[in-house]
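Taking it in order: structure first as structure tokens, then the write-up.
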Amino acid sequence: MSTNGNNKRDDQSPLEKGEEKRFRSNYNNNNNNNNNNNNNNNHRNNNYNKNENNKNENNEKESLFNEPEVKSMFQSFSKKLDEDNDRRERIVKNSRDITIASKRVISLLQRAVWEDKQEILKQSKQNLQPIYNLFGNIIKELDQQEYWKFQKAFTNGVQEYIEAVSFQYYIEFGALIPLSSILTPIKEALNLDSLGQFNISIDDYALGICDLSGELMRYSTGCVTVGKYDECFKICDFIRSMSSGFKKCHLNKDITSKMNTMEESLKKIEKLCFSIRIRKSEFPDQQIKVDINDMIE
């Protein structure tokens, strides 16, 4: 019998070699299983430690939030948020009512082409009183509050109101209404020395003025139907000067969008004025008639 360097017998029978091979395989499998069991135990221990740490953290948080001072602080935060949300909803409601009332004033002013202008202006000023009362509600809501926190809640109503009063001002004076002439009637109607936290921002003023161009375009259309052609040229020059003024300013995204609408209105009025000028040159001694479709085509 002889052995090699690995102490293996050279004269092992095939049966003995098979048994030895199975023994070594089982031995290795047992070792692998033991290693896997150890790894699983370590993994379970790690998970257990993590769960214990999470429980401890949660307990610490619960104990922190159960502190009377912390709990009272967060309750005050919750109460403040609820109050702000309720206040914002009330302001939005007043803003919607201002928008509706302002649209009615604009519709009334469009009738000044066919009816008595002074009577229409007088009635429109009377119809502004309910709007002033709605602004009074907003002023009360903003008392001792941050203006910019709630500005978005009433900006649409303010813009529609500016469109209405600027249209009224143009019909009466043929000029652009200054910001002071928008704020002063509100104070006078409500008998207030100051509007408190309420104010009209420059952006809202500019956006409302941009909307004026659309109403003037419709107004000029009415002027054509009754033969007031000179009024169309005045409106065209007025909107052109407004457009030139805006182009010299740094415009934000909202104003730029409304400027595009103003340019469209200006193009329609210019086309109408061009038609009037052509008809007058062709028939200087006759009463001309301009088709409204010349403007809207």
Side-chain angles (χ1 to χ4, degrees), residues 98-129 131-132 135 156-186 188-189 200-249 255 258-273 276 290 292 295-296:
I98 290 172
T99 300
I100 294 171
S102 297
K103 287 182 181 296
R104 290 172 179 168
V105 172
I106 292 171
S107 298
L108 174 64
L109 290 169
Q110 289 288 358
R111 290 160 46 191
V113 175
W114 300 280
E115 301 179 22
D116 188 311
K117 180 187 293 186
Q118 297 303 320
E119 185 63 28
I120 292 294
L121 288 172
K122 179 180 178 181
Q123 188 177 347
S124 67
K125 291 177 181 179
Q126 293 174 350
N127 291 352
L128 288 176
Q129 185 58 48
I131 299 178
Y132 297 145
F135 275 118
N156 292 332
V158 168
Q159 292 175 32
E160 196 70 32
Y161 165 74
I162 292 173
E163 182 182 357
V165 294
S166 61
F167 188 28
Q168 180 191 75
Y169 193 90
Y170 178 83
I171 292 175
E172 187 172 6
F173 301 106
L176 180 64
I177 187 171
L179 183 57
S180 59
S181 296
I182 297 175
L183 294 171
T184 301
I186 299 176
E188 292 177 350
I200 293 179
S201 67
I202 297 298
D203 285 347
D204 284 343
Y205 173 71
L207 290 168
I209 293 302
C210 286
D211 291 333
L212 172 63
S213 61
E215 295 305 324
L216 289 178
M217 184 268 291
R218 283 181 278 275
Y219 187 76
S220 64
T221 304
C223 290
V224 170
T225 61
V226 295
K228 297 180 180 179
Y229 301 126
D230 291 341
E231 188 67 27
C232 295
F233 288 97
K234 291 179 182 179
I235 292 174
C236 184
D237 291 338
F238 177 75
I239 297 179
R240 188 182 292 119
S241 63
M242 272 206 316
S243 176
S244 299
F246 273 112
K247 289 176 180 178
K248 297 177 182 178
C249 303
I255 298 178
K258 291 201 174 186
M259 270 294 297
N260 295 332
T261 304
M262 180 188 291
E263 291 296 325
E264 291 297 322
S265 298
L266 179 58
K267 288 179 182 178
K268 292 178 180 179
I269 298 175
E270 287 176 338
K271 188 174 181 180
L272 181 60
C273 291
I276 295 172
V290 178
I292 298 302
M295 184 183 71
I296 63 176

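- Side-chain contact between Lys228 and Lys234: absent, with no pair of heavy atoms (C-beta onward) separated by less than 4.5 Å.
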Please report the C-alpha distance between Arg104 and Ile100 in whole Å, then the side-chain angles of each, then the deciding distance to 0.1 Å, and finally whether the side-chain contact (heavy atoms from CB on, under 4.5 Å) criterion is met.
CA-CA 7 Å; Arg104 290 172 179 168; Ile100 294 171; 3.8 Å; yes

In sequence, state the C-alpha distance, the side-chain angles, and the governing distance for Val113 and Glu231, and then conclude on side-chain contact (heavy atoms from CB on, under 4.5 Å).
CA-CA 10 Å; Val113 175; Glu231 188 67 27; over 6 Å; no

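- Under the 4.5 Å side-chain criterion, counting only non-hydrogen atoms from C-beta, Leu212 is not in contact with Tyr169.
- Using a 4.5 Å heavy-atom cutoff, the side chains of Asp211 and Lys258 are in contact.
- No side-chain donor-acceptor contact under 3.5 Å links Ser243 to the backbone of Ile239.
- Residues Met262 and Met259 form a side-chain contact, since some pair of their non-hydrogen atoms from C-beta on lies under 4.5 Å apart.
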What's the verdict on side-chain contact (heavy atoms from CB on, under 4.5 Å) for Ile131 and Ser102, showing C-alpha distance, side-chain angles and the deciding distance?
CA-CA 8 Å; Ile131 299 178; Ser102 297; 3.6 Å; yes

Please evaluate residues Ile106 and Glu160 with respect to the criterion side-chain contact (heavy atoms from CB on, under 4.5 Å), reporting the C-alpha separation (whole Å), side-chain torsions for both, the decisive distance (0.1 Å), and the verdict.
CA-CA 9 Å; Ile106 292 171; Glu160 196 70 32; 3.7 Å; yes

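- Counting only heavy atoms from C-beta outward, the side chains of Cys210 and Ile255 approach each other to under 4.5 Å.
- Distance check, rounded to the nearest 0.5 Å: CG of Leu108 to CD of Gln123 gives 4.5 Å.
- Put simply, CD on Glu172 and OG on Ser124 are 8.0 Å apart, with the number rounded to the nearest 0.5 Å.
- For the atom pair Asp116 CG and Arg111 CZ, the distance stands at 11.5 Å (nearest 0.5 Å).
- The aromatic rings of Tyr132 and Tyr161 stand perpendicular to each other, their planes meeting at an angle above 60°, with 30° marking the opposite boundary.
- A ring-centre distance under 6.0 Å is found for Tyr219 and Phe167.
- Side-chain N or O atoms of Ser241 include one that pairs as donor or acceptor with a backbone N or O of Phe238 at under 3.5 Å.
- Side-chain atoms of Leu179 and Ile202, non-hydrogen and from C-beta on, do get closer than 4.5 Å to each other.
- Considering CD1 of Ile235 and OG of Ser213, their distance stands at 11.5 Å, rounded to 0.5 Å.
- Salt-bridge check for Asp237 with Arg240: passed, with a basic side-chain N closer than 4.0 Å to an acidic carboxylate O.
- Electrostatic pairing of Arg218 and Glu215 counts as a salt bridge here, judged by a charged N lying under 4.0 Å from a carboxylate O.
- Distance check, rounded to the nearest 0.5 Å: OH of Tyr229 to CG of Leu272 gives 9.0 Å.
- Residues Ile98 and Asn156 fail the side-chain proximity criterion, which asks for heavy atoms closer than 4.5 Å.
- Looking at heavy atoms from C-beta onward, Cys232 lies in side-chain contact with Val224 at the 4.5 angstrom threshold.
- Considering all non-hydrogen atoms of both residues, Leu109 and Ile171 come closest at O-CD1, 3.7 Å.
- Shortest non-hydrogen contact noted between Ile200 and Asp204 is CG2-CB, 4.3 Å.
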